[in-house]
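First comes the structure, then the notes that go with it.
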Amino acid sequence: MGGKLIVFEGVEGCGKTSQIQLCQEWLESSGISVLVTREPGGTHLGLDLRRLLLSKAEDKPVAEVTELLLYAADRAQHVEQELKPNLAVGKYILCDRYTDSTIAYQGYGRGLNIDLINQLNYIATGGLESDLTIWLDVNVEVGLSRKRGSEAELDRIEQETIAFHRRVQQGYAQLAASNPSRIVQVDGSFSKQAIQQIIQEILQVHLQVEKVNF
Ligand code: TMP
């Protein structure tokens, strides 16, 4: 029995974490076996890579291509160690970021070559695509102000310029326009509960998840 790979994407502060948690509770309450994971950092190796990628950069700058390759390395390990085996035993995987993040951040944000990123994504995933990607679409300023208002210090990528984050947002818009059957845009400006309701309806339609009251 094959599982499903459901990915959550969006700019900083778009609300992925809360929606993934609510989605997990909903799916598990209907008896579906769920794995929640993320990129970067879904494996032991990936946690080390995440630290390297996101720690603040002042005295240790990370070159753009190095950054790209580290995200790809994290993904290759994650696909082999977590995604493929769990899909093979029928799990529903809720994954916080996947290949579209690299296109949006390293492609649109940094300006690296998109064809090259597509090739690298293919090498890292062996062609494993999401069954469905939920793009939580929030205004960049709103997302960043949520981050700035939280206790945690901004990480290396969150600290990028507003222009960078706007390019990332444009990247997601382009990706959603070119992949309408795989990527579903969800307006992230509603309340948590309202957004969750929309996501559940999308999952019911796209993945035939049985209707369960939330
Ligand atoms: P998050 O897990 O808290 O969303 O943080 C991950 C950060 O890494 C976020 O700023 C987006 C960034 N990122 C990339 O730049 N490229 C990638 O391929 C991935 C997976 C994440």
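All ligand and atom numbering here is 1-based and tracks the order in the structure.
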Identify the closest protein heavy atom to atom 8 (O) of ligand 1: which residue and atom is it, and at what distance?
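Atom 8 (O) of ligand 1 sits closest to the protein heavy atom Y71 OH, 2.8 Å.
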
Report the nearest protein non-hydrogen atom to atom 18 (O) of ligand 1: residue, atom name, distance rounded to 0.1 Å.
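Atom 18 (O) of ligand 1 sits closest to the protein heavy atom T102 OG1, 2.6 Å.
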
Between T161 and R166, do the side chains contain a donor N or O and an acceptor N or O under 3.5 Å apart?
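Result is no, nothing qualifies.
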
Could you check whether [X] pairs with [Y] (Lys NZ or Arg NE/NH1/NH2 to Asp/Glu carboxylate O, under 4.0 Å)?
X: R110; Y: E67; answer: yes
X: E12; Y: R148; answer: no
X: K147; Y: E158; answer: yes

Would you please classify the geometry between the Y172 ring and the W135 ring as parallel, tilted or perpendicular, with 30° and 60° separating the classes?
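Ring orientation, 0 to 90° scale: parallel.
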
Within the distance-only criterion (no hydrogens, no angle test), does the side chain of Q19 pair as donor or acceptor with the backbone N or O of K192 below 3.5 angstrom?
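A pair under 3.5 Å: yes.
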
So between E12, K16, R50, whose heavy atom ends up nearest atom 3 (O) of ligand 1?
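It is R50 whose heavy atom sits nearest to atom 3 (O) of ligand 1.
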
Please work out which of L154, L54, V168 has its closest non-hydrogen atom nearest to atom 7 (C) of ligand 1.
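The residue whose heavy atom sits nearest atom 7 (C) of ligand 1 is L54.
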
Touching ligand 1 at all, R97? Heavy atoms, strictly under 4.0 Å?
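Yes; R97 lies near enough to ligand 1 that a heavy-atom distance drops under 4.0 Å.
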
For R75, the ligand 1 atoms whose distance to one of its heavy atoms is below 4.0 Å:
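Once the distances to R75 are compared, the set is 18 (O), 20 (C).
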
Near Q106, which atoms of ligand 1 are under 4.0 Å from a heavy atom of that residue?
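It comes down to these atoms of ligand 1: 14 (C), 15 (O), 16 (N), 17 (C), 18 (O).
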
For ligand 1, is any non-hydrogen atom under 4.0 Å from I157's backbone (N, CA, C, O), its side chain (CB onward), both, or neither?
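Side chain only; the backbone of I157 stays clear of ligand 1.
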
